[in-house]
Every structure is written in C-alpha cells, then in structure tokens.
There are 2 protein chains.
Amino acid sequence: MEATILRAAEGIFAEAGFGGATMQQIADSAGLPKANLHYYFPTKEALYRQVVQQIFDIWLHAADSFDDAPGPAEAIGAYIDAKMEISRRHPQGSKVWATEVMHGAPVIQDYLETTLREWTADRASVIQTWIDEGRMAPVDPYQLLYMLWATTQHYADFGHQIETLNGGRPLSEDDWDRAKATVRQIILRGIGLGPAPLPAQGQPG
Amino acid sequence: MEATILRAAEGIFAEAGFGGATMQQIADSAGLPKANLHYYFPTKEALYRQVVQQIFDIWLHAADSFDDAPGPAEAIGAYIDAKMEISRRHPQGSKVWATEVMHGAPVIQDYLETTLREWTADRASVIQTWIDEGRMAPVDPYQLLYMLWATTQHYADFGHQIETLNGGRPLSEDDWDRAKATVRQIILRGIGLGPAPLPAQGQPG
DNA sequence: CCTCTTCCTGACCATATGGTCAGATTTGAG
DNA sequence: CTCAAATCTGACCATATGGTCAGGAAGAGG
C-alpha cells in the first residue's frame with residue numbers, strides 16, 4: 001500500500017513540484033480517497049520526504065559500479081552507464097531530486113551535508129589517486145563528478161526538452177544507446193582515456 | 001516598475017516553483033502591495049510567462065559567441081564560457097527554466113517547438129559540418145549540445161548542492177575559474193580538440 | 001484651480017487545499 | 001462466532017491563495 005502511494009506521489013511531485021502537487025491528485029493517482037493517504041503518511045511533507053529518500057538510495061546505489069571496477073576507464077564508464085540507466089528508468093525520481101535541490105533542499109539538506117558529502121569526498125579521493133598514479137588526465141575530481149551527474153541526469157530532468165527536439169517522440173532504444181555512447185566517449189576521452197585527438201590543423205579561410 | 005516585479009518574481013519562482021510561489025511573496029519581495037502586481041500583470045501565469053521569456057532570450061543570446069567563432073574549438077569554448085557565466089550571473093533564471101521544462105513545459109512548449117528547435121538544428125548542422133571537414137571528432141551533435149547545456153546549467157540549477165559540497169561556501173572566483181577550465185578542457189579534449197591522451201598502460205594488480 | 005488619465009491600495013470574495021475526525025468496514029486471532 | 005485491532009472513508013474545517021473592485025493619490029495639461 002505504501003508502495004502504491006509512494007509511486008503515485010513520485011509521479012505527481014515530479015510533474016508539479018512540492019508546492020504544485022496536491023494530496024488530492026496523489027490520492028486520485030493512487031486510486032485512494034485522500035483521507036486514506038493521511039493514514040499512512042501523516043503530512044504531505046512526510047510523504048514527500050519518503051519519496052526523496054527513496055531516490056537518494058537508488059542514486060547512491062549507482063556507485064557500486066564505480067567501486068567494483070579495476071581502473072578509471074571501467075569505473076567511470078560503468079558509472080555513466082548506471083546513471084544513464086537510472087535516468088531512463090526513474091526519470092520522475094530524478095526530477096523530484098532536482099527540484100528539491102533547486103529549491104535549496106529544504107527537506108533533505110541533512111543528507112547533502114552528511115551522506116552525500118562523504119560519498120563525494122570518497123570518490124573524489126579515488127579519482128585523485130588515479131590522477132596521481134598517472135592513470136588519467138589531471139582534472140579537478142569534484143568538477144568531474146559534477147559533470148558526470150549533470151550529463152547523465154540531464155536525460156531525465158530535461159527529458160521533455162530532449163523529446164521535443166527529437167521530433168516529439170520519446171528516445172528509441174537506438175537513441176539511448178547513442179546518447180550513452182556519446183557521453184561515455186566524450187567524457188572518457190576528455191579525461192585522457194580515449195583514442196588519440198585529431199592531428200593539428202590550420203584554420204581554413 | 002515592471003522590471004522590479006520581474007526580478008522579484010524570478011527569485012521567488014526559482015526558489016519555490018510556479019505552484020509553490022505566491023503572489024504575496026512576490027509582492028513582498030518587490031516591496032509592493034499584492035493588488036498592484038495585478039495592475040501590471042493580470043495573472044500569475046502572465047507574470048510567470050514573462051519571467052520565462054526573459055530567460056529564454058538570455059539563453060539564446062549566449063549563442064552569439066558560438067556563431068562568431070572561426071572554428072569548433074573557439075566556438076564551443078566560448079559557448080561554454082558564456083553559458084557558465086550565465087549560470088553564475090543568472091542562476092535563478094536558469095532554475096526557473098529548468099523547473100518549467102521538468103514540469104513538461106506547460107507554459108513555453110511553443111518556444112521549444114519553434115525557436116529552440118530551429119536554434120538547435122542550426123547549431124547541430126554547423127557541428128556536423130565541422131565533423132565532416134575533419135575538424136573535430138565524430139560525435140552526435142545533438143548529444144554534444146545536450147552535454148554543453150547539462151554541464152554548464154548544472155552550476156546554476158544544482159548550485160545549492162555544489163555549495164554544500166564546497167563546505168557550505170559559495171564558489172570563489174578561483175572555484176569558478178577552475179570549474180570553467182575543467183568543463184572546457186574535458187569537453188574540448190572529449191571531441192578531439194585537446195592535448196594527447198595518456199600513453200596506453202597495463203592494469204596494475 | 002479643474003479635470004482627465006495613470007497609477008496605486010486596502011478590503012473583500014470564491015475557491016482550493018492540507019489536514020481532522022467520527023464512524024464504517026475489514027481482518028484475523030482465539 | 002466474537003471482538004478488538006487495523007484499515008478505510010465521507011463529511012467537515014480553518015486557512016491561504018489568486019484575483020476583484022471601488023475608490024484614493026499623483027501627475028500632466030490647460
């Protein structure tokens with residue numbers, strides 16, 4: 001039951017934001033009378049908090065692919081794939097997270113300051129080690145992580161824009177493959193793990 | 001007068017979303033009685049639409065740096081700089097735009113389907129030309145544009161998260177320079193316009 | 001001083017929303 | 001079958017919100 005409500009809530013919160021979503025909409029979407037929602041979740045904020053928490057867990061879980069890899073190319077490549085897959089499978093969750101953060105994280109600021117901060121510091125230091133060992137180009141690890149988040153989550157958060165630019169059609173299987181491959185290719189090559197660059201060339205004209 | 005209201009509205013809409021923002025908040029922030037808002041903007045939606053329109057113009061304007069450059073490295077590098085600067089100077093505008101798109105662009109769908117679609121198609125074909133001429137690595141132009149948008153706007157939309165991970169302090173001048181440089185470096189190298197990659201290396205262990 | 005237009009505002013209204021509550025219904029252990 | 005606990009629900013309430021409106025300043029032109 002809670003699961004049904006959470007799923008419905010995720011969709012409504014994603015499409016309308018916290019302020020724009022109404023308990024009535026969520027109730028309708030879950031096929032329940034509104035009063036019943038308050039049996040399981042005392043307030044709108046409590047429901048919202050659970051939705052966000054759920055997403056945060058999935059988010060952190062994507063790091064497994066990062067940690068299990070032997071080197072930067074595999075780790076970052078797998079991480080990109082995992083996060084792209086999350087954007088594809090849980091676009092609403094990603095939107096809820098994005099909205100929450102954009103509004104100053106009123107509900108989950110504590111997560112940012114504890115779990116996320118540690119998570120990020122750990123991965124940044126792993127990346128720094130790879131750099132020190134000469135296994136990838138020297139780039140600011142934090143900025144690299146931001147780029148990974150930005151590029152992958154963009155496909156969820158701005159999915160509507162992308163779909164519109166795709167002629168109004170959702171991305172096909174091939175489109176997703178191409179997106180994944182391009183992101184992986186550009187970023188990996190961008191940190192010195194791809195094929196050689198083009199030969200130097202004068203400006204024509 | 002309209003300008004004062006629009007500035008206040010942008011801030012409130014950015015922090016609360018369309019649904020979460022109230023006319024009263026906007027009025028207070030602008031230092032006006034609420035009824036006066038309705039003298040200049042008949043409805044909340046009309047006010048919101050103007051805010052979004054304003055942002056869209058700035059957004060498109062950033063393309064000038066793209067168009068005036070002689071080649072891909074200069075064009076894309078300048079575009080990254082311009083968009084990073086927008087993220088820094090107009091973070092609220094970027095957030096309003098992001099929220100609007102995430103909610104399915106209920107108000108500005110027409111822009112997406114006309115102006116933005118053309119804009120994107122034009123730039124994509126310029127990029128394709130550079131690829132055909134061998135002046136940059138062959139990547140899907142659309143995905144590259146998405147990456148540019150994603151990475152640069154991330155610094156505005158997720159500014160709060162970044163600030164939290166930065167120890168709760170806003171990014172300094174140096175932080176911004178480093179962010180800009182890293183994004184530019186990774187993306188340009190990622191499309192074959194940077195220094196050589198690291199020499200091939202066996203996996204240790 | 002008059003008057004017309006533009007600009008501004010406090011008070012008000014209809015509506016929608018989050019949340020409550022008393023009581024109905026279902027479940028399940030004994 | 002009993003009965004208490006858990007689950008569900010229609011009706012209701014206090015509040016807040018977007019928007020209206022009648023009328024009050026404030027200029028500008030004469």
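We name chains A, B, ... by the order of the sequence lines, and we start the count at 1 in each one. Small disclaimer: the values here were computed from a predicted structure and weren't measured.
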Problem set entry | Value in whole Å for how far the P atom of C:dC7 lies from CD1 of B:Ile5 |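 B:Ile5 atom CD1 is separated from C:dC7 atom P by 11 Å.
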Exercise. Given atom OH of B:Tyr48 and atom C1' of D:dG18, what is their separation to the nearest angstrom?
Worked result: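 In whole Å, D:dG18 C1' and B:Tyr48 OH are 17 Å from each other.
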Problem set entry | Residue that, paired with A:Ile191, satisfies side chain to side chain contact (heavy atoms under 4.5 Å, CB included) out of A:Ile127, A:Ile131, A:Leu144 |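 That would be A:Leu144.
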Exercise. Do the ring planes of A:Tyr155 and A:Trp176 sit parallel (below 30°), tilted (30 to 60°) or perpendicular (above 60°)?
Worked result: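 Plane angle between 30° and 60°, so tilted.
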Problem set entry | Closest heavy-atom pair and its distance - B:Ala156, B:Pro91 |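 Taking B:Ala156 first and B:Pro91 second, the nearest heavy atoms are CB-CA, 3.8 Å.
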For this session: On the 0 to 90° scale, with breaks at 30° and 60°, tag the A:Phe66-A:Tyr79 ring pair as parallel, tilted or perpendicular.
Result: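 Rings of A:Phe66 and A:Tyr79: perpendicular, over 60°.
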Problem set entry | For atom NZ of B:Lys44 and atom P of D:dG19, their distance in whole Å |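 The distance from NZ of B:Lys44 to P of D:dG19 comes to 8 Å, rounded to the nearest Å.
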Exercise. Nearest-Å distance, CE (A:Met23) to C1' (D:dA16)?
Worked result: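 So the CE-C1' distance, A:Met23 to D:dA16, works out to 17 Å.
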Exercise. Taking it one step at a time, do B:Glu15 and B:Lys95 satisfy salt bridge (Lys or Arg N to Asp or Glu O under 4.0 Å)?
Worked result: CA-CA 8 Å; B:Glu15 279 169 33; B:Lys95 287 180 195 174; over 6 Å; no
Exercise. Looking at B:Arg123 and B:Asp67, does any basic side-chain N land under 4.0 Å from a carboxylate oxygen?
Worked result: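 A salt bridge links B:Arg123 with B:Asp67.
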Let me have the donor-acceptor pairs involving side chains of residues 105-116 of chain B, under 3.5 Å, with sequence neighbours excluded, atom names and distances please.
from: B:Gln109; atom 1: OE1; to: A:His160; atom 2: NE2; distance (Å): 2.5
from: B:Gln109; atom 1: NE2; to: A:Thr164; atom 2: OG1; distance (Å): 3.4
from: B:Gln109; atom 1: NE2; to: B:Glu113; atom 2: OE2; distance (Å): 2.8
from: B:Tyr111; atom 1: OH; to: B:Gln53; atom 2: OE1; distance (Å): 3.2
from: B:Tyr111; atom 1: OH; to: B:Gln53; atom 2: NE2; distance (Å): 2.5
from: B:Thr114; atom 1: OG1; to: B:Asp110; atom 2: O; distance (Å): 2.8

Seminar exercise, completed: Counting primed atoms, P, OP1 and OP2 as sugar-phosphate and everything else as base, the B/S/- map of nucleotides 8-13 of chain D against protein heavy atoms under 4.0 Å is SBB---
Exercise. In whole angstroms, how far is the P atom of D:dA16 from the CD atom of B:Gln25?
Worked result: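 B:Gln25 atom CD is separated from D:dA16 atom P by 13 Å.
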Exercise. How close or far is atom C1' of C:dT9 from atom CD of B:Gln24, stated in whole angstroms?
Worked result: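 In whole Å, C:dT9 C1' lies 12 Å from B:Gln24 CD.
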For this session: Starting from P on D:dA6, measure out to CD on A:Glu2 and report it in whole angstrom.
Result: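 From A:Glu2 CD to D:dA6 P: 14 Å.
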Exercise. So, B:Ser172 and B:Asp175: side-chain donor and acceptor under 3.5 Å apart, yes or no?
Worked result: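 Side chains of B:Ser172 and B:Asp175: pair found under 3.5 Å.
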Problem set entry | Any residue of residues 12-21 of chain A with a heavy atom less than 4.0 Å from an atom of DNA chain C |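 Of all residues in residues 12-21 of chain A, the ones placing a heavy atom under 4.0 Å from DNA chain C are A:Ala21.
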